[in-house]
Amino acid sequence: MAQTHLQGVEISATQFLEIWRHYDTDGNGFIEGKELQNFIQELQQARKKAGLELSDKMKAFVDQYGQNSDGKIGIVELAQILPTEENFLLFFREQLKSSEEFMQTWRRYDTDHSGYIETDELKSFLKDLLKKANKPFEESKLEEYTQTMLRMFDSNNDGKLGLTEMARLLPVQENFLLKFQGVKMCGKEFNKAFELYDKDGSGYIDENELDALLKDLCEKDKKELDIKSIPTYKKSIMALSDGGKLYRTELALVLCADEN
């Protein structure tokens with residue numbers, strides 16, 4: 001089925017989702033390694049079978065990843081090369097230019113500070129993005145986008161999106177949260193760290209305290225985190241803060257592992 005979709009001149013949002021799920025065989029939110037090689041091979045075969053040339057974007061993609069057995073792409077990179085109708089994923093991506101902007105947007109729409117964006121909050125977020133870009137839309141389309149986004153990013157099927165799930169809207173290179181996946185702590189460890197770096201016991205961490213915490217994390221895990229990127233990490237994480245005050249629940253979104 002997914003291979004047939006690859007032959008299309010235009011792919012619907014639902015077909016795009018089927019293609020994604022077919023090639024992300026382990027369901028980890030990326031098409032990588034062997035999965036990526038299979039996708040490239042089948043994309044070339046499907047286009048040939050349909051009598052279609054590879055587009056320039058597809059050719060550049062094949063050149064970049066074809067011989068790269070360590071290649072890894074996210075949902076956005078796939079959306080950039082497939083001829084998806086009303087490519088709403090790229091449209092949303094264009095409205096969120098950086099990790100920092102993404103984090104500010106998250107803070108604005110997670111209105112109840114639950115650490116999740118639920119269906120209604122997601123719908124408001126998409127609606128506002130469409131309005132911001134002066135894109136006319138019908139309620140039924142908005143509903144379809146909301147449901148497709150949920151199905152696409154809700155990896156544990158709980159009907160809401162966590163910060164890490166939603167961050168898959170960012171290209172792999174820009175998604176700084178991926179760097180923190182390897183350094184996440186359990187709840188007990190995280191609380192201990194929070195109290196240690198909240199030196200003045202104010203109940204929140206300020207920029208200087210966060211700086212100290214990030215430096216120590218980088219020292220501890222040089223493989224995952226890059227000390228030269230601390231200013232970028234800090235800017236993005238502080239975008240979750242309340243006027244420079246980073247409370248426990250907000251920092252937990254980045255550093256605390258889900259304990260389901």
Side-chain angles (χ1 to χ4, degrees), residues 24 26 28-36 60-61 63-65 67-80 93-107 115 153 155 161-199 204-241 244-258:
D24 177 18
D26 59 3
N28 73 341
F30 300 97
I31 295 178
E32 56 193 335
K34 188 87 177 78
E35 296 169 337
L36 188 53
F61 181 85
D63 288 346
Q64 187 178 350
Y65 294 104
Q67 302 306 313
N68 183 356
S69 56
D70 296 328
K72 175 178 188 167
I73 64 162
I75 223 154
V76 174
E77 284 86 350
L78 185 67
Q80 278 165 339
R93 159 74 199 110
E94 279 156 19
Q95 306 299 311
L96 300 168
K97 297 281 191 298
S98 64
S99 279
E100 188 187 352
E101 203 174 329
F102 169 77
M103 299 293 256
Q104 284 166 345
T105 304
W106 170 273
R107 181 161 171 72
F153 296 118
S155 44
L161 297 180
L163 182 70
T164 313
E165 291 174 322
M166 188 86 167
R168 284 168 53 203
L169 258 180
L170 293 165
V172 172
Q173 254 44 55
E174 247 171 75
N175 188 347
F176 89 102
L177 287 165
L178 291 177
K179 304 267 182 216
F180 284 85
Q181 288 299 79
V183 296
K184 283 193 167 191
M185 315 166 198
C186 67
K188 202 171 161 186
E189 211 183 337
F190 169 75
N191 285 329
K192 215 164 131 188
F194 188 89
E195 274 139 35
L196 180 67
Y197 289 94
D198 174 18
K199 290 193 167 48
Y204 60 82
I205 279 181
D206 63 27
E207 206 165 327
N208 295 329
E209 291 166 335
L210 178 63
D211 198 61
L213 167 60
L214 289 173
K215 277 181 181 145
D216 288 349
L217 276 178
C218 286
E219 280 305 316
K220 196 172 144 195
D221 204 321
K222 292 190 172 83
K223 191 164 77 68
E224 297 285 345
L225 301 173
D226 174 14
I227 204 149
K228 292 198 286 293
S229 301
I230 283 183
T232 315
Y233 300 154
K234 196 163 62 173
K235 239 173 137 181
S236 299
I237 296 172
M238 283 313 284
L240 286 170
S241 73
K245 298 175 179 178
L246 188 63
Y247 289 96
R248 196 181 297 247
T249 43
E250 271 68 41
L251 186 59
L253 293 173
V254 178
L255 288 181
C256 194
D258 291 332

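Computation of the quantities below employed the complete heavy-atom set of this structure, encompassing side-chain atoms and omitting hydrogens, waters and symmetry-equivalent molecules.
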Tyr233 vs Leu217, test: side-chain contact (heavy atoms from CB on, under 4.5 Å). Steps then yes/no.
CA-CA 12 Å; Tyr233 300 154; Leu217 276 178; over 6 Å; no
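- With hydrogens and angles disregarded, a donor-acceptor distance shorter than 3.5 Å links the side chain of Asn191 to the backbone of Gly187.
- With values rounded to the nearest 0.5 angstrom, Leu246 atom CG is found 6.0 Å from Leu210 atom CG.
- Distance CZ/Phe61 to CG/Leu78: 7.0 Å, rounded to 0.5 Å.
- Arg107 contributes a side-chain N or O that, together with a main-chain N or O of Ser241, makes up a donor-acceptor pair within less than 3.5 Å.
- Screening Leu253, Thr232, Val254 for a side-chain contact (heavy atoms from CB on, under 4.5 Å) involving Ile237 leaves a single residue, Val254.
- In this structure, the side chains of Lys192 and Lys188 stay at 4.5 Å or more apart for every pair of heavy atoms.
- Contact between Ala167 and Asn175 at its shortest, heavy atoms only, is O-ND2, 3.2 Å.
- Considering every non-hydrogen atom in both Trp106 and Leu161, the closest pair reads CH2-O, 3.3 Å.
- Residues Met103 and Ala239 share a closest heavy-atom pair of CB-CB, 3.7 Å.
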Worked verdict on Leu178 versus Phe30 for side-chain contact (heavy atoms from CB on, under 4.5 Å):
CA-CA 11 Å; Leu178 291 177; Phe30 300 97; 3.4 Å; yes
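- The pair Glu250-Lys245 fails the salt-bridge criterion, with no side-chain N (NZ, NE, NH1 or NH2) lying under 4.0 Å from an Asp/Glu carboxylate O.
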Evaluation steps, side-chain contact (heavy atoms from CB on, under 4.5 Å), between Lys215 and Glu219
CA-CA 6 Å; Lys215 277 181 181 145; Glu219 280 305 316; 5.8 Å; no
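- The backbone N or O of Ile205 sits nowhere less than 3.5 Å from a side-chain atom of Asp198 that would complete a donor-acceptor pair.
- Using cut-offs of 30° and 60° for the angle between ring planes, the Phe194 and Phe190 rings count as tilted.
- In this structure the side chain of Thr164 reaches within 4.5 angstrom of the side chain of Gln181, judged on heavy atoms.
- For Lys234, the NZ atom counts as densely surrounded, since its 6.0 Å shell holds more than 12 non-hydrogen atoms of other residues, nucleotides or ligands.
- We find the OG1-OH distance between Thr249 and Tyr204 to be 14.5 Å, quoted to the nearest 0.5 Å.
- Few gaps surround NZ on Lys184; more than 12 heavy atoms of other groups in view lie less than 6.0 Å from it.
- Taking CD1 from Ile75 and CZ from Phe153, the interatomic distance works out to 4.5 Å, rounded to the nearest 0.5 Å.
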Can Tyr197 and Leu214 be said to form a side-chain contact (heavy atoms from CB on, under 4.5 Å), step by step?
CA-CA 10 Å; Tyr197 289 94; Leu214 289 173; over 6 Å; no
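- With Glu209 contributing its side chain and Lys199 its backbone, the two residues share a donor-acceptor pair below 3.5 Å.
- Asp24 contributes a side-chain N or O that, together with a main-chain N or O of Asn28, makes up a donor-acceptor pair within less than 3.5 Å.
- Looking only at distances, a side-chain donor or acceptor of Glu35 sits under 3.5 Å from a matching main-chain atom of Asp26.
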